[in-house]
Number of protein chains: 2
Amino acid sequence: MLLFWRHGYDATSISLLTEGMGIGAPSLYAAFGDKRALFKEALDRYMSSYGSFMVRSLQDEPDPRAAIENLLLGAAAMFTGGEHPPGCMIITAATNCGPDSAAVEKRLRTIRAGTVRAFEEKIASGGRSLPKGSSAHSLALFFSATLQGMSAQARDGATREELEAIVRAAVGAWPA
Amino acid sequence: MLLFWRHGYDATSISLLTEGMGIGAPSLYAAFGDKRALFKEALDRYMSSYGSFMVRSLQDEPDPRAAIENLLLGAAAMFTGGEHPPGCMIITAATNCGPDSAAVEKRLRTIRAGTVRAFEEKIASGGRSLPKGSSAHSLALFFSATLQGMSAQARDGATREELEAIVRAAVGAWPA
DNA sequence: CTACATCTGTATCGTTCGTTACAAATGGCC
DNA sequence: GGCCATTTGTAACGAACGATACAGATGTAG
């Protein structure tokens with residue numbers, strides 16, 4: 001999973017995987033069947049471990065603005081966590097891909113679209129007033145873009161403190 | 001250039017390039033010498049054409065906040081322009097790359113770091129007061145992350161109007 | 001210890017990658 | 001028209017890709 005996370009789907013070769021997992025190629029194919037299937041497995045593991053803080057943030061905090069802020073702060077911490085690649089796997093694992101991996105790209109894009117929708121529902125749920133001239137949809141897109149920008153910044157070497165400063169600026173767009 | 005922009009450096013094969021340019025492989029190598037050199041050429045063309053609005057926005061508008069806002073609005077228009085791939089080439093062309101194209105990734109990363117620095121200088125230049133508890137550096141990182149997020153959203157199919165809504169939310173983080 | 005099912009390691013498949021050698025074709029100049 | 005430099009298209013190079021065939025090793029049941 002860490003290899004797919006770091007190098008993306010296309011750039012992670014089978015030899016890299018077998019070397020990193022310490023097994024031979026036939027064992028890998030016997031256990032998972034395919035490179036796409038292995039990626040799907042890795043993606044599920046990612047979402048239920050490293051990525052679980054997102055759905056948890058949205059569920060645990062009833063106030064929409066605080067929930068979004070908690071989510072982004074959690075992302076600032078996770079994206080810069082030391083023991084794994086920086087940034088978000090769902091955002092970065094299939095951005096430059098050839099025509100053969102279009103299915104993987106589409107899968108990740110669908111997940112991201114679901115995130116935007118979850119943001120939108122959360123924002124619209126509470127009775128909290130929205131900033132003037134903005135809708136739940138546009139705010140959801142803004143925070144989703146912030147999340148993607150934070151992932152990119154983490155990949156470019158930003159520290160946790162810098163990402164947290166980005167979060168403070170972003171939630172400043174939604175006055176308390 | 002459009003092929004590198006759309007598919008990224010690694011995923012753009014020589015056969016795709018020769019097919020798209022309508023020439024044979026030897027002509028390509030005689031004219032540019034190398035795949036990296038061709039990418040560098042394409043990158044220069046991109047920055048002096050599609051990407052030129054950025055430096056122009058920062059130079060033409062003296063007020064830092066208005067300059068950043070103009071830049072982001074220009075990006076919203078450019079990223080969704082119909083006749084070329086969505087998003088920003090400097091942000092997306094080398095995100096998933098193997099070890100052979102690490103030099104290209106580093107080059108783009110350096111350009112992005114220069115953008116952050118240009119933002120920071122512009123923000124610090126005017127006498128405009130900063131939002132409470134933020135520095136020119138953190139604001140520059142925030143707007144840079146916004147730009148990268150907008151590029152990702154454009155790649156995911158966001159429209160110009162949606163990106164403009166993101167810009168309105170982002171500049172709202174910096175009260176007039 | 002023997003027999004059998006499962007797993008692992010080596011070697012290889014066909015394909016595509018970036019790159020180049022070579023020959024045919026093209027263009028200007030006399 | 002004839003000559004030469006240049007450009008082009010065809011074919012091929014070694015390497016690495018995703019994916020497998022096959023033989024040897026391993027573990028368990030009797």
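Order of the sequence lines sets the chain letters (A, B, ...), proteins ahead of strands, with each chain counted from 1. Everything quoted here is computed from the prediction, not taken from an experiment. We use all heavy atoms of the structure for the numbers below, so side chains are in, but hydrogens, waters and symmetry mates are not.
- In the model, N96(A) has a side-chain atom that pairs as donor or acceptor with a side-chain atom of T95(B) under 3.5 Å.
- More than 12 non-hydrogen atoms from other residues, nucleotides or ligands lie less than 6.0 angstrom from CZ of R155(A).
- One finds a salt bridge joining E105(A) and R109(A) here, because a Lys/Arg side-chain nitrogen approaches an Asp/Glu carboxylate oxygen to under 4.0 Å.
- First and last contacts of DNA chain C with chain B, using any nucleotide atom under 4.0 Å from a protein heavy atom and ordered 5' to 3', fall at dC17(C) to dA21(C).
- Remark: M89(B) CE to L43(B) CG distance equals 5.0 Å, nearest 0.5 Å.
- Ring geometry, F143(B) versus W174(B): the interplanar angle falls from 30° to 60°, so the pair is classed tilted.
- Between F4(B) and Y9(B), the ring planes lie parallel to each other; the angle is under 30°, not in the 30° to 60° tilted range.
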For nucleotides 8-23 of chain D, read 5' to 3', which letter fits each nucleotide if B means a protein heavy atom sits under 4.0 Å from the base, S means only the sugar-phosphate is that close, and - means neither? SBB------SSBBB--
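- Contacts classified as side chain to side chain donor-acceptor pair (under 3.5 Å) and involving residues 135-147 of chain A (residues at least two apart or in different chains) are given here: E120(A)-H137(A), S135(A)-S138(A), H137(A)-E162(B), S144(A)-Q153(B).
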